[in-house]
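Worksheet: one structure, shown below.
So you know, we letter chains A, B, ... as the sequences are listed, proteins then strands, and number each from 1. As the structure is a computational prediction, the values presented were derived from the model and not from experiment.
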Amino acid sequence: MPYTTNDIKRVEEKWQAYWAERGIFRAIADPARKKYYVLEMFPYPSGKIHMGHVRNYTITDVIARYKMMRGFNVMHPMGYDAFGQPAENAAIKRGVSPAEWTARCIDDMRSGLKRMGFSYDWDRELATCDAAYYKWNQWIFLKMAEKGLAYKKSSPVNWCPSCATTLANEEVIDGACWRCKTAVIQKDLDQWYLKITHYADELLEDLKTLKNWPARVVAMQENWIGKSYGCDIFFKVKGGADVITVFTTRPDTIFGATYVTLAPEHPLARKLSRGTSQEAGVAAFLDKAAHMSRSLRMSGDERKEGVFTGAYAVNPVNGEAIPVWIGDYVLMAYGTGAIMAVPTHDQRDFEFARAHGLGMRVVIEDPAHPGLTPEQMTAAYEGAGSLVASAHFDGIPHEEAKGKIAAWMADGGMGRVSVHWRLRDWLISRQRYWGTPIPMIYCAACGVVPVPYDRLPVRLPADAPITGEGGSPLAKVKDFVAVPCPRCGAAARRETDTMATFFDSSWYFLRYCSAHNDQEVFDAKEAAYWMPVDQYVGGIEHAILHLLYSRFFTKFLRDAGLVAVGEPFDRLLTQGMVLKDGEVMSKSRGNIVDPDEVIARFGADTLRLFILFAAPPEDQLEWNPAGLEGSWKFINRLWGAVESRYKTASPVSDGPMDALDKALEFERHAAVKKVTESMEGGFKFNTAISGVMILMNAVDRYQVPAGDMRRQALLNDALETAVLLLAPFIPHAAEELWQMMGKPGASIAFIPWPVYSDDRLRTDTVRMAAQVNGKVRGEFEVPRDADEAFLRPLVLADEGVQRHVAGKEIRKFIVIKNKLVSIVV
RNA sequence: GGGCGAGUGGUGGAAUGGUAUACACGAAGGACUUAAAAUCCUUUGGUCGAAAGGCCUUGAGGGUUCAAUUCCCUCCUCGCCCACCA
C-alpha cells in the first residue's frame with residue numbers, strides 16, 4: 001500500500017515516457033490562445049545536473065505546469081550554452097576533443113533533466129556549439145558590423161595571463177579573472193568590440209519599465225551603466241598649447257581646485273614632463289604603473305602614489321596656475337582621464353594632497369564647523385553647505401551652485417555641461433578555440449572584409465591544437481586561416497579569434513521561438529507571438545552581464561526590424577542558492593548531494609516537493625535530509641488516501657451537508673484559494689504546498705461511514721482537488737493518481753485549475769478575540785458580521801474580560817468586524 | 001565608502017496594521033509490535049505557578065496607534081552587489 005521505491009520508479013518512468021511519446025509539452029503558436037513563455041537560464045553542460053540546476057528548473061517547471069492548467073499556451077524550452085573554456089580544459093587534461101566532451105556532457109544533462117520530469121518542449125532543444133546555431137551568431141555580428149555596432153580597435157585590454165585571453169570589464173572581478181581568479185593585467189591589443197554604449201541611455205531608461213524584476217537587479221544594472229551628470233572643464237597648460245579637459249560632478253567646488261591629476265595612461269602624462277627636471281621621475285613612475293596589474297594598482301587604499309609632471313595648468317575661473325600631477329588613482333577609462341583635485345571636499349584628493357604636501361582651500365562651509373581651515377581638517381568635507389572663497393558665488397547653497405557655475409563656465413567657454421558613463425563597449429574577442437569564429441577576413445589590399453552572408457557559417461575546424469598556452473588555437477590551423485579575399489580574390493587570412501560566449505546567450509531566447517529555422521536567424525512571426533519571455537528564472541550571478549547583454553541584443557534586433565519588443569524578459573525571478581551545512585553546495589567544497597541518488601531513493605517528485613517547500617524560491621535553501629523524508633511522507637499519505645478511500649463508482653451527493661461536511665468543503669475551498677493566491681502573488685510555493693497539507697489534514701479527520709454517498713462524494717472532491725493542486729509540484733504522482741481516479745484527459749497538465757467560491761468560505765459564525773488595552777483576554781464564537789450592540793454585552797460579561805475591566809472606566813470599544821474587539825480602559 | 005536585502009521557537013519557515021509562531025522537520029510521551037521500522041494519537045516559544053491564571057517574547061532602543069513582526073527614527077549584526085567612477 002505505501003508508495004514504495006519500486007512504485008516511484010515505475011510511475012515516474014511510465015509518465016516520462018508517456019509525455020515524450022505523446023509530445024504532451026510540444027508548443028505550437030496559436031494566435032487564438034493566450035501564450036505564456038517561461039524560461040530558465042540554460043545550463044553550461046559541464047557534466048551531470050547539480051542541485052542548483054534542479055532548484056532553478058523545478059521552479060520554472062512548476063510555473064509552466066501551473067500556467068498550462070490555467071489555460072495558457074505555454075512554451076517551455078531547454079538548450080545548452082555549450083561553448084566555453086571548460087571544454088578546452090577537458091581537451092588539455094583528458095585528450096578528448098571539446099566537441100566530443102561537450103556532446104557527452106549534454107547527453108548526461110539531458111537524461112538528468114528527463115529524470116526530473118520537466119515539461120520541456122524537446123523539439124526546440126538547441127546547443128550553441130552547433131553550426132546551425134552559431135551561424136546566426138555570425139550573422140548577427142555581421143549585421144552589427146554593418147551598423148557600426150561591431151568594430152575593431154586597439155586599446156588596453158584586460159588580459160588574464162593564466163587563461164591567455166582577454167576579458168570583458170564585466171569579467172574582471174576584484175581585479176582578477178572571473179574564471180581562474182588570476183590577477184588581470186593591462187595589455188594593448190587589436191580587438192573586436194560591440195557598441196553597447198550606443199544603447200546606454202535606453203538601457204538605463206527602460207529599467208524603469210521592468211516593474212516585475214527584483215529591485216536589486218535593477219539597481220545593480222543602474223550602477224553598472226553608471227550615468228553621471230557634471231561638467232568638462234578646460235585647463236590650459238601654462239606656457240604651451242595643450243589643454244587638459246577634466247570631468248567633475250562637483251563644478252561647485254571649482255574655486256577650491258589646487259592641482260590637476262592625470263591618469264598614468266593620459267596622452268599628456270609623459271609629454272608635459274619633457275624638458276623639466278621631473279622627466280626621469282615621471283618616466284619611471286609611468287613604467288611602473290604600466291606593468292602593475294589592475295588589482296595591485298587599485299589596492300593602494302590611502303597610500304595614493306603619484307608624481308609631479310613639472311607643468312602647471314591654469315584654472316579658467318580665476319587664472320590661478322596649479323601643478324599638474326600624475327596619480328595612480330585616476331582612471332584613464334572613466335571621464336576624461338584627468339581630474340581637478342579639490343582636497344577639502346573629496347576624500348581621495350584629500351589623501352593624495354596630504355601624502356604629497358599639496359595645497360588645500362575650503363570652498364564649501366560645513367554648517368557644523370564654520371570657519372574651518374584646511375589645517376584643522378582630518379578628512380574631506382563632502383556634505384552640504386554654502387560656497388565661500390568662490391568669488392561672486394559666495395553664500396549660494398552648493399547644490400544650487402552646481403548649475404549656476406556650470407552655466408557660467410559654459411557661457412564663458414571655460415567648460416561645458418557633460419554626461420559620462422561607467423558602461424564601456426563590450427570586448428568580445430577571445431583567443432580561444434571553443435567558441436564562434438568571428439566572421440571577418442583580412443586582405444592586404446581591401447583591409448577588413450566581412451565574410452559574405454551566403455558563406456556562413458564559418459565553421460570551427462575540428463583539428464585545432466589546443467594547448468592552453470597563449471594565442472588563438474585557430475591561428476595554427478593553416479587551412480582555416482588561408483582564404484581568398486571575398487572582394488578581390490587575393491590570398492587573405494581569416495580572423496582567428498572567437499566570440500565571448502556571452503554573445504551566444506544574448507539571444508537564445510529568440511532562437512527558441514523557431515529553433516530549427518535554417519533560413520533565418522529566427523522566424524519573425526513566431527517571435528512576434530512568443531516574445532517577450534513572460535517569466536525568466538535564473539541565478540543572481542547573471543544580474544548584470546547576461547541580462548544586460550540580452551537587453552542590448554533585443555534592442556538591436558528590434559531596431560533591425562526583427563522583433564517588436566525592446567525588452568526580452570517581462571518578469572524575472574532570481575532563485576536562491578542551495579546550501580549544505582551553511583555553505584554553498586559546490587564540487588570544490590566537496591559538499592554536493594547528487595540529484596540522481598535522491599531520485600533513485602525517493603523519486604523526482606519528492607525532490608521537487610522538498611525543494612519547493614523548504615524555502616521561498618528567492619531565499620537560500622539549506623539542504624535537509626529530514627525535510628526530504630517529510631516530503632516523501634506527505635506524498636505517501638496522499639497516495640494512501642486515494643488508494644484506500646477514493647471510490648470511483650461515481651457517488652452522487654444526496655441530502656444537505658452537515659457541519660462536518662461544511663468544514664471539509666470550507667477547507668477544500670480555502671486550499672484552492674491559498675494555493676492560487678500563493679502562485680499569483682509571486683510564486684510562493686512553500687505556502688502553496690502548506691495549503692494543500694492543511695487540506696489533507698482535514699481529509700484525514702473526515703469520516704465516511706460505509707455507504708454514505710454524500711460523504712463519499714465530498715471526500716472524492718477533496719482528494720481530486722488535492723491532486724490537482726499538487727499536479728504542478730509532483731507531476732508524476734499526480735498523473736498516476738488522476739488515472740487511478742478514473743479521470744479522462746491526455747494529461748493532468750491540461751485539466752483546468754480548480755476554482756474556489758468565497759461563498760463557501762463564508763461561515764455562519766466566526767471566532768473573534770477580545771483585547772483589553774491591547775492584550776487578548778477572551779475568545780468568542782459569534783454570528784458573522786455581529787455589531788457592537790450584539791458584542792458589547794457578550795464581551796463584557798466574559799469572565800476573562802471582566803477580570804481586566806471590572807471597576808474601570810471603558811474609554812473606547814472598537815469593533816473590527818469578524819476579527820476582534822478592542823477595549824481601552 | 002555607496003547601494004540593496006535580511007534578523008521570528010531546537011530547525012526550515014508563516015503572518016505586510018487586527019488573536020505572533022500557520023505548515024513542516026526535530027524532540028518527548030503513548031498506542032500497535034516478541035522487537036524494531038513504518039503508521040496512528042498527544043504534547044512541544046520562554047518563564048512563574050499545584051492549578052486557575054499571570055508576566056515576557058519577532059536583533060537592541062525609542063516613537064506613532066485602541067492595536068506594530070508589519071509604519072517611522074536611532075543603533076547593532078549578517079548577507080549580496082558595486083567600488084580610488086572624479
In B/G9, glycosidic geometry as syn within 90° of 0 or anti otherwise
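In terms of base orientation relative to the sugar, B/G9 is syn.
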Under 4.0 Å, counting only non-hydrogen atoms across every strand here, what does [X] touch: a base, just sugar-phosphate, or nothing?
X	value
A/Lys227	nothing
A/Asn697	sugar-phosphate
A/His804	sugar-phosphate
A/Thr336	nothing

How close or far is atom [atom2] of [N] from atom [atom1] of [X], stated in whole angstroms?
X	N	atom1	atom2	value
A/Ile540	B/C4	CD1	P	14 Å
A/Met220	B/A83	CE	C1'	13 Å
A/Phe350	B/A86	CZ	C1'	17 Å
A/Ile689	B/A22	CD1	P	18 Å
A/Asn223	B/C82	CG	C1'	6 Å
A/Asp700	B/U42	CG	P	11 Å
A/Ile244	B/A86	CD1	C1'	15 Å
A/Phe634	B/C25	CZ	C1'	15 Å

[N] to [M] separation - [atom1] atoms, rounded to the nearest Å:
N	M	atom1	value
B/G10	B/G46	P	7 Å
B/U69	B/G61	P	13 Å
B/A86	B/U16	C1'	42 Å
B/G3	B/U58	P	29 Å
B/U44	B/A22	C1'	15 Å
B/A14	B/G62	C1'	28 Å
B/A52	B/U43	P	15 Å
B/A24	B/C32	C1'	25 Å

Donor-acceptor check, side chain of A/Gln221 to backbone of A/Ala543, threshold 3.5 angstrom: yes or no?
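Pair found, side chain donor or acceptor close to backbone of A/Ala543.
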What's the spacing between [X] [atom1] and [Y] [atom2] if we round to 0.5 Å?
X	Y	atom1	atom2	answer
A/Leu286	A/Glu265	CG	CD	8.5 Å
A/Glu622	A/Gln620	CD	CD	8.5 Å
A/Ile233	A/Asn315	CD1	CG	7.5 Å
A/Gln575	A/Asn56	CD	CG	4.0 Å

When A/Cys231 is tested against each of A/Thr248, A/Val246, A/Ile254 for side-chain contact (heavy atoms from CB on, under 4.5 Å), which residue passes?
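Answer to the side-chain contact (heavy atoms from CB on, under 4.5 Å) test with A/Cys231 among A/Thr248, A/Val246, A/Ile254: A/Thr248.
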Option from A/Val578, A/Leu579, A/Leu621 for which side-chain contact (heavy atoms from CB on, under 4.5 Å) with A/Met585 holds:
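That would be A/Val578.
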Given that both distances must come in under 3.5 Å, which nucleotide forms a Watson-Crick or G-U wobble pair with [N]?
N	value
B/U21	none
B/U33	none
B/A27	B/U43
B/G49	none
B/G5	B/C78
B/U69	none

Closest to the [X] side chain, choosing from [options]:
X	options	result
A/Lys775	B/A22, B/C55, B/C84	B/C55
A/Arg216	B/C81, B/C82, B/C4	B/C4
A/Thr248	B/C85, B/G26, B/A86	B/A86

Please list each protein N or O that sits under 3.5 Å from an N or O in nucleotides 13-19 of chain B, with the distance.
| residue | atom | partner | partner atom | Å |
| --- | --- | --- | --- | --- |
| B/G13 | O3' | A/Asn686 | ND2 | 3.2 |
| B/A14 | OP1 | A/Asn686 | ND2 | 2.9 |
| B/U19 | O2 | A/Glu779 | OE2 | 3.2 |
| B/U19 | O4 | A/Arg767 | O | 3.1 |

Identify, between A/Met340 and A/Ala219, the residue whose nearest nucleotide on RNA chain B lies closer to the 5' end.
A/Ala219
Between A/Glu799 and A/Gly774, which is nearer to the 5' end of RNA chain B once each is assigned its nearest nucleotide?
A/Glu799
Is a donor from one side chain sitting under 3.5 angstrom from an acceptor on the other, for A/Arg811 and A/Asn773?
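Side-chain D/A pair, A/Arg811 to A/Asn773: absent.
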Presence of A/Arg777 side-chain N/O under 4.0 Å of B/G53 phosphate oxygens OP1/OP2
no
Does a side-chain heavy-atom distance below 4.5 Å link A/Ile225 with A/Leu548?
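Yes, at least one pair of side-chain atoms sits under 4.5 Å.
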For this output row, return yes or no: ring centroids of A/Trp325 and A/Phe352 closer than 6.0 angstrom.
yes
